[in-house]
Amino acid sequence: MHDVDLLIEPARPLPEPRVIDPGLTVGDRAFRALSAAGASSVLVILGLVAIFLFVDASPAIKTAGFKFLTTFEWDPDGLPAHFGIAAVMFGTTMIAVIALVVAMPIAVGSALFVNEYAPARLGRPLVALLDLLAAVPSLIYGMWGLYYLQPHLMGSSRWLTDHLGFIPFFRTTRPVFGSSMFIAGIVVGLMVLPIVASVTREVLSQAPRGVCEAALALGGSRWGMIRSVILPFGRSGIVGAAMLGLGRALGETIAIALILSFNFRIQTQVLAPGGGSVAGLIANNFGEAGEAQRHALVAAGLALFVITLIVNTVARLIVNKTSKGKME
Amino acid sequence: MSIATAPVELPQPRKVRQSPKELLERPLAILAVVGVAMAAIFAVTPLSGGLGWAICTYAGFVGADAYDNYRSHGKVVAKDRVATVLVYTAGLCTIVPLILIVIYVLKQGLGGITKAFFTETLESVGPADPATVGGAKHAIIGTFEQVGLATLLATPLGLLTAVHLAESRGRLARVTRVLVDAMSGIPSIVAGLFIYTMFVLKFDQGFSGLAAAMALAVLMLPTVARTAEEVIKLVPDGLRESSLALGAPQWKTVTKIVLPAARSGLVTATVLGVSRIAGETAPLLMTSFGSDGVNTNPLHGAQSSLPLFAFQRVRAALPTQIARGWAGALVLILLVLALFTIARAVAARGRKGP
Amino acid sequence: MTDIPTADVRIDTAVLNGGPRPAISGGGSLRANGVTAWFGKHCIVAGVDMEMPAGSVTSIIGPSGCGKSTFIRTLNRMHELIPTAAMAGEVILDGQDIYGAGARPALMRLRIGMVFQKPNPFPTMSIGENVLSGLKLAGIPCRNKAEMMERNLIRAGLWSEVKDRLNAPAGALSGGQQQRLCIARSLAVSPRVLLMDEPCSALDPSSTMRIEETIREISHQVTIVIVTHNMQQAARVSDYTAFFLADKGDPGRIVEFGPTSELFNAPNDPRTEDYIHGRFG
């Protein structure tokens, strides 16, 4: 038997590739133009949003300048006009943070539940239920939070102040609870829960099964496998999911408007009534706004637009990087 | 010539059983813990009744179970069991709120659902009139008109965008995909503000149902586009290849083969988009503004809709108003849930179908 | 170049209208001249010269990764549909270069049909509609639809099994039946050449047998080029065989080409002999 001689004849020089006419018909060209037009409508709409908001906000921006982001009062009609969104930005952020604190553990837990623990028959209805939770309008969440949840949480709020009041976060000056950022935060947390949970679920499901099985085959427990393989793999994806939830929470208007008793000052006591969010500021003051007030409100809307845009874009970059990078 | 083999009797699968001792372990632990929890509550009062009892029992159960497992099986198993309990709890936490919400809205709103609710408006209703007088006919009409217009605006654009994203590979597709994701993050109030500054003010059209529909369309477009794109991408490449290999031009392949194959998914995308916007309230505050009477012309004049109706009633001072608001909320949530369930049913049938 | 079918397809139109079958020598002659194909900078096959005479069955064999599928896709202009794909050389159908100036790819694909490895009937159409789908997509009118369906399903060896359920959805068929449906679909547009890319590798042995029977039956009406992993299949169905080989990093090339019986019994090239006797693969 002779050795298999796999040496091909000395390589002839390769020819140059031909230029080929793709032969697009008239129908093809028309179709491509049509779908491209549809796709560019997205670009156009986003551009219009930015332009119109900016144009209508520019008188306010000209008046306030950069102090718009750092001023704590809201008096656009006054002379001199003195207004800024720092106070409501604080409120928005605080509510969003509480919402994430509430939503993240439940989201990660339920993602793990669906992926690793639940039998397959149970997993799919659970996912469907979670998506159903996402479909509930924010108005309903707000009404439910205000009338059902708030009375139930009064006692817990009092307990938190009584026992954890030494932490300045939980301190209250007066024993009045309700209409607080705490309750609003919990409700918003429930609202962002579905989106964080489903993104987390997708991220965690892409953990390489081979490595997971190897961890189990080494004699580890299920939790050990989760802790050593799945969670580290999904860490940045979970961060991305959290940021998506953050973006949603930052923009929430109606639920907060219903629950929070709006007052325009920095409210550091989350268990006490009062505080505000940027979206709530706009919603509440819009009805009777004069010219100057309106420009200021639109400027606030523009700021909200930019912030949520940045948060969402960064979030998607992180989530996409996770799923692409580890898909080896 | 046949290549079949003789049929073989298949054995029965084995069942994995736990010993009776293992089966009893957990319930015993639970019983022990309930007693511990009761005692713990009295020590740590005042925790508001039901919630406090639940939390104490839960914490006690987890703690005692963990300790018991630690003693009998070791640290690894104990950690594993605790993790299992926590994860199951998280799963439960996602179901319970939905059930609570639906039940509560039903309870509060059912009383207000009368025939009058669907046939009368609030035009000649005084603020102190009982909840049985007047209804939300104007709001229901408004919702249907605004949502319908928004669907008409957003669906063609969304589907075209999805086709482009799924079938084209150029730079426009890449940029558009990023932009669609960005657009899906626009807060609803910002969408309302945009239409307000552009349409209501600049084009000087005033409040109208059309303005509301445009704001809703801005919110609906990314949902439709993204879901539709995913569905189109799911159509197997083999179908496209077969069609092209038969001599069909590319546009016929897309319109006559790919899109019909994705038909149920496209319907799902549209209905999902509708259910997303049907309950939106914030953008309506500054585009359609709301009213007490019927306005069937969406192109001109303020118009009410279900979310606005419920929102404005619920913020009123009188319980009769609030009761009306709850009735509106009930109709709204039933509508949204129905739409959503239809969307999923259509998607499931499409998956099973051909 | 207009979209109106030219002379040779006009004969086919007579067939479409249910007229008597004309006595054309079946199939078109296909010839590859120095075909080279790239994906981006990576060359997959180089310098392939092959002649596939009218009415013959040619099989292409070789180990995985030697570029057989890529090559066969250059024969009906499917290769260029993938981004970064490029090709050089000529593919001549009945004396005309299918890549020539003014040649429309869609029309070329009407004349050179293809059956794929994974059966893929159109799911939203019934069995009968699937058979006619090629005509509908290409815009060729068909006057006698029932006769068209019957003729092509008979040619594909499927008629007896589906004749009373032509309206049933195509997805209800078994894998082998679906593949025969795809063959019927491809035959309905009266191609001169039918390319088959491992058509039986996803099927069970009895379906494979039926399809090989079909190939034998239609080979006089349509020139067939079949890529196959299965040497025994090549020995069973084909008149001519081409053996492809690609060394590590090098593009695939045709090592030997000749009548099947010669190639299998008395190959000229030692590599061919080694492959046939299973010393590598």
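None of these values were measured; they are calculated from a predicted model. Letters go in sequence order (proteins before strands), and every chain restarts at 1.
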Item to check | Donor-acceptor contact below 3.5 Å, side chain A:Asp28 vs main chain B:Gln250 | outcome: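 Such a contact is found between A:Asp28 side chain and B:Gln250 backbone.
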
Going from [atom1] on [X] to [atom2] on [Y], what distance comes out if it is rounded to the nearest 0.5 angstrom?
X: A:Ser41; Y: B:Leu179; atom1: OG; atom2: CG; value: 10.5 Å
X: B:Cys93; Y: A:Leu193; atom1: SG; atom2: CG; value: 8.5 Å
X: B:Phe194; Y: A:Leu48; atom1: CZ; atom2: CG; value: 5.0 Å
X: A:Ser35; Y: B:Leu172; atom1: OG; atom2: CG; value: 8.5 Å
X: B:Ser184; Y: A:Arg248; atom1: OG; atom2: CZ; value: 11.0 Å
X: B:Ile103; Y: A:Trp144; atom1: CD1; atom2: CH2; value: 11.0 Å

Next on the checklist: Could you walk me through whether B:Leu193 and A:Phe52 satisfy the side-chain contact (heavy atoms from CB on, under 4.5 Å) test, starting with their C-alpha distance in whole Å, then the side-chain angles of each, then the deciding distance to 0.1 Å, before giving a yes or no?
Outcome noted: CA-CA 9 Å; B:Leu193 219 47; A:Phe52 272 95; over 6 Å; no

Item to check | side-chain contact (heavy atoms from CB on, under 4.5 Å) between A:Leu43 and B:Thr176, worked out | outcome: CA-CA 7 Å; A:Leu43 176 63; B:Thr176 306; over 6 Å; no

Distance-minimising heavy-atom pair for [X] and [Y]:
X: A:Ser110; Y: B:Ala90; result: N-CB, 3.6 Å
X: A:Tyr148; Y: B:Leu100; result: OH-CD2, 3.5 Å
X: B:Thr84; Y: A:Tyr117; result: OG1-CE2, 3.6 Å
X: A:Leu133; Y: B:Thr94; result: CD2-O, 3.8 Å
X: A:Gly109; Y: B:Val87; result: O-CG1, 3.4 Å
X: B:Val336; Y: A:Pro137; result: CG2-CG, 3.9 Å

I'd like to verify something: which residue of [options] has the highest number of heavy-atom pairs under 4.5 Å with chain B?
options: A:Leu304, A:Leu24, A:Val114; result: A:Leu304
options: A:Val42, A:Ile51, A:Leu34; result: A:Val42
options: A:Ile226, A:Ile45, A:Leu297; result: A:Ile45
options: A:Thr253, A:Leu139, A:Leu190; result: A:Leu139
options: A:Ile140, A:Leu149, A:Leu126; result: A:Ile140
options: A:Glu116, A:Arg32, A:Met143; result: A:Met143

Examine whether an atom of [X] lies under 4.5 Å from a heavy atom of chain B, and if so say whether it belongs to the side chain, the backbone or both; otherwise answer neither.
X: A:Leu258; answer: side chain
X: A:Arg294; answer: side chain
X: A:Leu132; answer: both
X: A:Ala111; answer: neither
X: A:Leu309; answer: side chain

Checklist entry - Hey, are the side chains of B:Thr197 and A:Val55 touching, using non-hydrogen atoms and a 4.5 Å cut-off? => result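 With C-beta onward as the side chain, the pair stays apart.
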
Checklist entry - Would you call A:Phe31 and B:Thr255 a side-chain contact if the rule is heavy atoms closer than 4.5 Å? => result yes

Next on the checklist: Using a 6.0 Å cut-off, check whether atom CZ of A:Phe54 has over 12 heavy atoms from anything other than its own residue.
Outcome noted: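 No, CZ of A:Phe54 has 12 or fewer neighbouring heavy atoms, counting only those of other groups under 6.0 Å.
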
Next on the checklist: Within a 6.0 Å radius of atom CZ on A:Arg222, are there more than 12 heavy atoms belonging to other residues, nucleotides or ligands?
Outcome noted: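 Result for CZ/A:Arg222: enclosed.
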
Chain A contact via [X] - which portion, at a heavy-atom distance below 4.5 Å:
X: B:Val218; answer: side chain
X: B:Val102; answer: neither
X: B:Leu332; answer: side chain
X: B:Tyr88; answer: both
X: B:Arg276; answer: neither
X: B:Ile101; answer: both
X: B:Phe340; answer: side chain
X: B:Val180; answer: both

Next on the checklist: Please evaluate residues B:Asp181 and A:Asn312 with respect to the criterion side-chain contact (heavy atoms from CB on, under 4.5 Å), reporting the C-alpha separation (whole Å), side-chain torsions for both, the decisive distance (0.1 Å), and the verdict.
Outcome noted: CA-CA 8 Å; B:Asp181 280 341; A:Asn312 271 305; over 6 Å; no

Checklist entry - Where do A:Tyr147 and B:Ile322 land on the side-chain contact (heavy atoms from CB on, under 4.5 Å) test, with the steps shown first? => result CA-CA 11 Å; A:Tyr147 283 99; B:Ile322 298 178; 3.4 Å; yes

Checklist entry - Where along residues 161-171 of chain B does a heavy atom come under 4.5 Å of chain A, listed by residue number? => result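 Answer by number: B:Thr161, B:Val163, B:His164.
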
Item to check | Ring centres under 6.0 angstrom apart (B:Tyr196, A:Phe286) | outcome: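 So the answer is yes for these two rings.
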
